[in-house]
Structure formats: structure tokens, C-alpha cells
Amino acid sequence: MIRTLASRLYGTVVRLRNRAYDQGYLRSVRIPVPVISVGNITAGGTGKTPVVERLVEYYLRSGIRTAVVSRGYKRTSTGSVVVSDGKGSVVDVPSGGDEPVQIARKFPEAVVLADANRVRGCLRATQEFEVEVIILDDAYQHRAVGRSVDIVVLDASSALYAQRLLPAGRLREPLVNLSRADVLLLSRCEADVAHEQMTLALRAYSNVPVFATRFLPQHLRRLHDFGELPHDALRGASVVSFCGIGAPASFLKTMDHMGIASQQHHEFPDHHRFTDADIAMLLDGARAAGTVLLTTEKDAMRLLQHRTALEGVDVLYPVMRLEFLGAEEDFFRLLSERTSLRI
């Protein structure tokens, strides 16, 4: 009952705020370069980070100076932090946040900023680093920044229509607000029927292009030296696995796809800061089982400060990449039209 009332109050606040933007009482700040927002309409993991990374890869490969501006969720720092200046130097996870650090380490040529004030972060990226495009992470609800393209990522494995508004459910705003989006991107599309049904259901809220995608492991990486192993190096093996992400079931599905079984599996809250006790427990489990520890890339970033304690046991994580199930060229052509960037 209390959650239902809280959801109604939350929904009223969301509607009033969006109406203020729609009617011009609140205004979005226009940034002098194209801004591509990658966000979602639900709380929890839909797979935004691999989408951001794919965009960063695409623009960097095209020779376009690229920045990522993120809130840097659960970082211990405040204000505006340069996670990476695009020259290879990256701050630690407590200062920059796990997802911004992950992106910065993977793409050293990208400028990465953590700033809860997205307007300030975007302006800083253009003024100090002269970037040509900004990828705005987790920003669908942050309308203070004007954007060229609004991409909303939806988990195709989740029954979206059955969700309720926070805090009773996972919806950040009503599904009808998908009408603001320019692109709907379905993640984790393992079965054609599932994503086709979801596409049809979404037509009740939006007529914009819908693209189906999935995440595939490129390779495995060792935490202690970042050495790469083939993605099937653990096929048939049994490991001690753990994760602290918004959609832990997705990690188990990845393991199943890679042919990896788990002797022990531990789940922590999303963005969990691993303690010495957590590390000791995981090490004891791996040593007792005589096997390796397997986790996600985002969790691995938060383990970097524990690398010394983890010596003696291999910690591996799969590096995931976004793959389109057709129409990839149409997706990037749409971005080019909306941003006017010549690729």
C-alpha cells in the first residue's frame, strides 16, 4: 500500500517535470557539438555500457574526437572529475566510478568525465578538450542537456509491460514517455520471437526505429595483468563466480553461453564496493575448489584496488561487445543524419 502511494506521488512529480520541459518552463541547454544520449526507462541493468562503448569505438575509429559524460554512480568524489583526458591517464574507481573507468581503460583516446551536473560536464568536454561528439551516459531523464539523439535501451528478456513505477516497480517514468526517444534499442535478444513480440508491444508507445541487439563475449581478460585469453578458454570448466550488477541473471546466461559451470556463485548489490571480508571469502572458495574466479568487467574495475590481495588466484572476466541482429548500417546512418557528423 505504501509503495503504491509512493509510486503515484513519484509519477505525479515525473509528469509535472516533463510537462515543464515540454511547455518551455524548463529549458534544455544546447551544447555546441552533437550529443547522443544513451539511457533507459527502467532502473537496473539493461546493458547501456556496451552500447556506449560501441558508439565510442565507432566514432574514435572514424577519427572523431569523442567524449563520454557520465554521472559516475557511487563514486566517492564530488564535483566534476576528469576520468581520462584522452591521453592514457585514468583515475581510480572510487574517484571516477566503475563504468567511466571501464570505458576509459578500454578506449584511452576517449575523453571521459564524471559529473552529476551533466550540463557542466558537457560544456567542460567541449571547452577544455575540444571534442566533436559527446556520448551522454544514463541521461534519458536528465533533460537539462539538449541532445541530437535520444537512444533508449530496453532489455528484451524483461516483461516491460508488467512493470510499475518506482518504488513499487522498476519504471523510472511511464511507458508512454518512450515517445520522446529517437531510437529504441533492444538488448539481450537471444530469441527472434521474443524481440519481435516486444517490438510490436512498443508500437503502442512509439513509432521510432527499433533495433535488436545482443551482447557477445569477445575474449576473457585476466585481472592481474590484463592479459587476453580466447573467449572459449574456460569452456567445460567449473569456476567460482560472482557479480554485483543490476541484472545478475544476464551474467549467468553469459556463462552458460560460454559453456562455463559454477561451483559457487555469489551475488552482491549493484555497484558493490568489495570489502576485505568479501575478498577473503571469494579467495577461500576458489582455493577450496581449486579453480579460478570469474566475474563481470564492471566488477573487475572495482577489484583493481584489491589486486595485491587477490594474487595467487586467477581472476578472469569476459569482455562483452554489442552485436546488431541486422540493420546495423541503418542504425549508424540514422545517427549520422541526426548529428550531421560526416563519417
Side-chain angles (χ1 to χ4, degrees), residues 42-50 53 73-74 93 97-99 101-102 153 155-159 170 187-191 194 214-322:
T42 58
T46 58
K48 294 187 310 299
T49 302
E53 291 179 342
Y73 185 61
K74 284 201 172 181
V93 168
D98 51 14
E99 291 166 345
V101 168
Q102 175 180 319
V153 184
D155 186 346
S157 67
S158 174
R170 295 178 55 223
S187 65
R188 304 188 177 107
C189 295
E190 300 302 331
R214 61 181 177 178
F215 306 130
L216 293 178
Q218 284 186 287
H219 51 259
L220 287 164
R221 184 164 283 167
R222 290 190 299 264
L223 180 68
H224 74 276
D225 64 357
F226 298 108
E228 292 184 7
L229 299 172
H231 68 86
D232 58 353
L234 290 179
R235 182 167 294 279
S238 183
V239 304
V240 172
S241 59
F242 64 99
C243 66
I245 57 175
S250 66
F251 179 49
L252 294 174
K253 287 182 180 179
T254 297
M255 289 178 56
D256 185 62
H257 175 81
M258 298 173 73
I260 303 171
S262 181
Q263 294 188 41
Q264 300 175 34
H265 180 68
H266 306 277
E267 291 183 3
F268 299 90
D270 194 15
H271 298 278
H272 178 69
R273 296 176 187 168
F274 294 102
T275 65
D276 292 341
D278 295 331
I279 299 302
M281 180 267 293
L282 293 169
L283 285 172
D284 288 346
R287 286 167 177 157
T291 187
V292 303
L293 289 168
L294 186 73
T295 191
T296 71
E297 186 171 11
K298 189 169 76 170
D299 288 297
M301 296 302 103
R302 282 179 271 115
L303 290 172
L304 290 173
Q305 59 189 319
H306 296 285
R307 273 196 295 183
T308 300
L310 287 164
E311 287 180 358
V313 172
D314 270 339
V315 181
L316 303 174
Y317 57 92
V319 175
M320 309 298 289
R321 189 172 190 270
L322 180 76

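Model, not experiment: these values are computed from the prediction.
Among all heavy-atom pairs drawn from Ala309 and Leu283, the shortest one is O-CD1, 3.3 Å. Closest approach of Arg302 to Gln305, counting heavy atoms only: O-NE2, 3.8 Å. Of all non-hydrogen atoms in Phe268 and Met281, the two that sit nearest each other are CZ-CE, 3.9 Å. In plain terms, the two heavy atoms of Gln264 and Ser262 that are nearest each other are O-OG, 2.6 Å.
Remark: Glu267 pairs with no residue by the salt bridge (charged side-chain N to carboxylate O under 4.0 Å, His left out) rule, at least two apart or across chains. Looking at residues two or more places apart in sequence or on another chain, you find no salt bridge (charged side-chain N to carboxylate O under 4.0 Å, His left out) involving Arg170. In this structure, Ala288 has no side-chain contact (heavy atoms from CB on, under 4.5 Å) partners at least two apart in sequence or on a different chain.
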**Request:** Determine, step by step, whether Leu294 and Leu234 satisfy the side chain to side chain contact (heavy atoms under 4.5 Å, CB included) criterion, reporting the C-alpha distance in whole Å, the side-chain angles of both residues, the deciding distance to 0.1 Å, and the verdict.
**Result:** CA-CA 10 Å; Leu294 186 73; Leu234 290 179; 4.1 Å; yes
**Request:** Decide yes or no on side chain to side chain contact (heavy atoms under 4.5 Å, CB included) for Leu220 and His231, but give the supporting numbers first.
**Result:** CA-CA 5 Å; Leu220 287 164; His231 68 86; 5.6 Å; no
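When only modelled atom types and interatomic distance are considered, Gln102 and Glu53 share a side-chain donor-acceptor pair under 3.5 Å.
Residues His224 and Val315 have side chains not in contact (no heavy-atom distance under 4.5 Å, counting atoms from C-beta outward). No side-chain heavy atom of Leu322 sits less than 4.5 Å from a side-chain heavy atom of Ser187. Between Arg222 and Leu229, the closest side-chain pair of non-hydrogen atoms falls below 4.5 Å. Between Pro318 and Met258, some side-chain heavy-atom pair lies under the 4.5 Å cut-off. Using a 4.5 Å heavy-atom threshold, the side chains of Leu293 and Val313 count as touching.
Rounding to the nearest 0.5 angstrom, the gap separating the CG atom in Leu310 from the CG atom in Leu282 is 8.0 Å. To the nearest 0.5 Å, atom CD of residue Glu297 and atom CG of residue Leu316 are 13.0 Å apart. Of the inter-residue distances, the one linking Lys48 atom NZ with Asp155 atom CG reads 11.5 Å to the nearest 0.5 angstrom. Taken to the nearest 0.5 Å, the CZ atom of Phe274 stands 5.0 Å off from the CG atom of Leu303. Arg188 contributes atom CZ, which lies 6.0 Å from atom OG of Ser157 (distance to the nearest 0.5 angstrom). Here the CE-CG distance, from Met320 to Leu216, works out to 6.5 Å after rounding to the nearest 0.5 Å.
Within the structure, side-chain hydrogen bond (donor to acceptor under 3.5 Å, both in side chains) pairs that include any residue of residues 270-285 comprise Asp98-His271, Asp270-Lys298, His272-Asp278, Thr275-Asp278 (at least two apart or interchain). Residue pairs that meet the ring-ring contact (aromatic ring centres under 6.0 Å, His included) test with at least one member in residues 283-318, sequence neighbours left out, do not exist here.
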Anything under 3.5 Å between a donor and an acceptor, one on a side chain of residues 243-257, the other on a protein residue two or more places apart or in another chain? List them.
from   : atom 1 : to     : atom 2 : distance (Å)
Ser250 : OG     : Ala247 : O      : 2.6
Thr254 : OG1    : Ser250 : O      : 3.0

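Although no hydrogens or angles enter the test, the distance criterion places a donor-acceptor pair under 3.5 Å between the side chain of Thr291 and the main chain of Ser238. Judged purely by atom type and a 3.5 angstrom limit, Thr295 has no side-chain atom pairing as donor or acceptor with the backbone of Ala300.
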